[in-house]
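Along the sequence shown, the residues carry numbers beginning at 1. Side chains are part of it too, since the values below use all heavy atoms of this structure and drop only hydrogens, waters and symmetry mates.
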Amino acid sequence: MVDLKGQYAGIKDEVNLSIQEVIENTAFINGPKVHEFQNNLEQYLGVKHVIPCANGTDALQIAMMGLGLKPGDEVITADFTFAATVEVIALLNLVPVLVDVNEDDFNINIEALEKAITHKTKAIVPVHLFGQCANMEAIMEVAKKHNLFVIEDNAQAIGANYTYKNGTKVKAGTIGNVGATSFFPSKNLGCYGDGGAIFTNDDDLAHTIRGIVNHGMYERYHHDVVGVNSRLDSIQAAVLDAKLPNLDSYNKARQTAAIKYSKAFEGIESIITPKTVSNSCSNICDTCDCHVFHQYTLRLKGVNRDALAKHLNENEIPCGIYYPIPLHKQKAYADERYNEADFPVTNQLVKEVISLPMHTELDDEQIEFITSTIIKFING
Ligand SMILES: *Cc1c(COP(=O)(O)O)cnc(C)c1O
């Protein structure tokens, strides 16, 4: 699904040098590389504060701790996402409230979101799934109206732009009260191990969070709140700092591959290719950056998905099913509050979706082989 070896070959010298610096100065924990990367990412995102941490799941959890959410508070998120989003809500004894998504962008549905709000609702966690922002303008309006926090799960959309109706562009993850991301190796900006970060423009929240990631300490050995130990280690920061200057070109390479995939599938009625639903464009194009294609996900209509996946594997083409089960049907998160009739889209998507290889090193020959193998299978 990804080609980290191929990507490394293109940045070997920068990455090796950056790691070497950490080893030579032995500042393995909270070393200068962590601060350099933090500053560079703040600049790139146009956000006041980046707080690095150990992984994306921690980033979400710490963001929720920082906002002072209390046991019993309801937190609304999408039914169609990776489990980490809902897991941290449950771990903090908050009440996860899962809602349906849209067919066209796989992101949280605004009507379903509004319908799920109660007097106990305290926060919304939009997930920018597969590389495209949820409808943040509408989400922020709903949040303002009901006085709710917004925590963006930006693990899959780092570098994507969100365009407001008035044309203003901002980076994904910097719109809500707080954003959380992951630097897991296969993410759009990945390190060589685990890593994550929290973003915010709120000075007080940033201060609170900096203490939480460091055992609740604001002054050495004074523990004012219950915190955690969640650090981005210096070697991972060194890798990320070397890769950050390439993030835009990496995302562009993903977009170019997506355009080629979609072009090859044009006119095939049983395949629905991914759509871009931003205010600035209605289709995948190479002039904007509103979709950074963490995944390139097709919807199949009347095609035997398991048979296609098997056929692809036999041809040594990897593929993935993200996600095969809606969260509201997972044992850990199922709840009698949920009514099947409220999840028509997720229940449908889990049966239809299939994700194709998507990374920065896909070449024309690979794309041609993948698409022709799929088309031949479908045409029988
Ligand atoms: C990857 C991912 C996470 C978790 O990130 P980790 O670094 O693996 O903990 C959270 N949410 C979404 C949507 C993700 O894709």
> Could you tell me whether the side chains of E74 and T118 share a donor-acceptor contact shorter than 3.5 Å?
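On atom types as modelled, these side chains qualify, holding a pair under 3.5 Å.
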> What residues, two or more places apart in sequence or in another chain, satisfy salt bridge (Lys or Arg N to Asp or Glu O under 4.0 Å) together with K301?
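Counting only residues at least two positions away or on another chain, K301 forms a salt bridge (Lys or Arg N to Asp or Glu O under 4.0 Å) with E352.
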> Per the salt bridge (Lys or Arg N to Asp or Glu O under 4.0 Å) rule, what does the pair list look like for residues 104-117, sequence neighbours excluded?
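Found E114-K145, K115-D342.
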> Could I get the full list of side chain to side chain donor-acceptor pair (under 3.5 Å) partners for T26, not counting sequence neighbours?
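Applying side chain to side chain donor-acceptor pair (under 3.5 Å) to T26 gives none.
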> Pairs of donor and acceptor atoms involving the side chains of residues 191-200, under 3.5 Å and at least two apart or interchain, shall be tabulated with distances.
residue: T200; atom: OG1; partner: N177; partner atom: O; Å: 2.7
residue: T200; atom: OG1; partner: D202; partner atom: N; Å: 3.0

> For the pair N201 (side chain) and K48 (backbone), establish whether a donor and an acceptor sit closer than 3.5 Å, ignoring hydrogens and angles.
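Between the backbone of K48 and the side chain of N201 there is a qualifying donor-acceptor contact (under 3.5 Å).
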> Contact between K120 and V95 at the side-chain level, heavy atoms closer than 4.5 Å - yes or no?
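No. Closest side-chain heavy atoms not under 4.5 Å.
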> What pairs with E14 under salt bridge (Lys or Arg N to Asp or Glu O under 4.0 Å), at least two apart in sequence or on another chain?
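Partners of E14 by the salt bridge (Lys or Arg N to Asp or Glu O under 4.0 Å) criterion come out as none, since no residue qualifies.
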> Are Y261 and F293 an aromatic pair by the rule of ring centers under 6.0 Å?
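For Y261 and F293, the ring centres are not under 6.0 Å apart.
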> Go through the structure and list residues passing salt bridge (Lys or Arg N to Asp or Glu O under 4.0 Å) with K260, not counting sequence neighbours.
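Counting only residues at least two positions away or on another chain, K260 forms a salt bridge (Lys or Arg N to Asp or Glu O under 4.0 Å) with D364.
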> Not counting sequence neighbours, which residues clear ring-ring contact (aromatic ring centres under 6.0 Å, His included) with H146? List them please.
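Applying ring-ring contact (aromatic ring centres under 6.0 Å, His included) to H146 gives none.
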> Check the side chains of Q132 and N107 for a donor-acceptor pair under 3.5 angstrom, ignoring hydrogens and angles.
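Per modelled atom types, N107 and Q132 side chains form no pair under 3.5 Å.
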> Hey, does the side chain of K243 reach the backbone of G190 with a donor-acceptor pair shorter than 3.5 angstrom?
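Answer holds: yes.
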> Under the rule for salt bridge (Lys or Arg N to Asp or Glu O under 4.0 Å), what residues qualify as partners of E141, not counting sequence neighbours?
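With sequence neighbours excluded, E141 shows a salt bridge (Lys or Arg N to Asp or Glu O under 4.0 Å) to no residue whatsoever.
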> Answer whether the closest heavy-atom distance between the side chains of T208 and Y218 falls below 4.5 Å.
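A side-chain contact under 4.5 Å exists here.
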> Who passes side chain to side chain donor-acceptor pair (under 3.5 Å) against K351, sequence neighbours left out?
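K351 satisfies side chain to side chain donor-acceptor pair (under 3.5 Å) with no residue once adjacent residues are dropped.
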> Please identify each residue that fulfils side chain to side chain donor-acceptor pair (under 3.5 Å) with D335, with sequence neighbours left out.
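D335 satisfies side chain to side chain donor-acceptor pair (under 3.5 Å) with R337 only.
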> Same hydrophobic cluster for F82 and L92, using side-chain heavy-atom links shorter than 4.5 Å among ILVMFWY?
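No; tracing contacts between hydrophobic side chains, which count when under 4.5 Å, never links both residues.
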> Taking the side chain as every heavy atom from C-beta outward, state whether Q7 and D3 have any pair of such atoms under 4.5 Å apart.
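Heavy-atom side-chain distance check fails, nothing below 4.5 Å.
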> Whether the T273 and Y296 side chains hold a donor-acceptor pair (N or O, under 3.5 Å, no angle test) is what I'd like checked.
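The answer is no; no qualifying pair exists.
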> Can you name the ring-ring contact (aromatic ring centres under 6.0 Å, His included) partners of H328, sequence neighbours left out?
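If we apply the ring-ring contact (aromatic ring centres under 6.0 Å, His included) test to H328, skipping adjacent residues, the hits are F343.
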> Can you confirm whether I271 sits close enough to L300 that some side-chain heavy atom of one is under 4.5 Å from a side-chain heavy atom of the other?
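Of all side-chain heavy-atom pairs linking L300 with I271, at least one is under 4.5 Å.
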> Would you mind writing out the side-chain donor-acceptor pairs for residues 149-158 within the sub-3.5 Å range, not counting sequence neighbours?
residue: E152; atom: OE1; partner: H128; partner atom: NE2; Å: 2.7
residue: E152; atom: OE1; partner: G173; partner atom: N; Å: 2.8
residue: E152; atom: OE2; partner: T174; partner atom: N; Å: 3.3
residue: E152; atom: OE2; partner: I175; partner atom: N; Å: 2.7
residue: E152; atom: OE2; partner: G176; partner atom: N; Å: 2.7
residue: D153; atom: OD1; partner: A155; partner atom: N; Å: 3.1
residue: D153; atom: OD2; partner: T85; partner atom: OG1; Å: 3.0
residue: N154; atom: ND2; partner: A172; partner atom: O; Å: 3.0
residue: Q156; atom: OE1; partner: F130; partner atom: N; Å: 2.7
residue: Q156; atom: NE2; partner: Y323; partner atom: OH; Å: 3.0

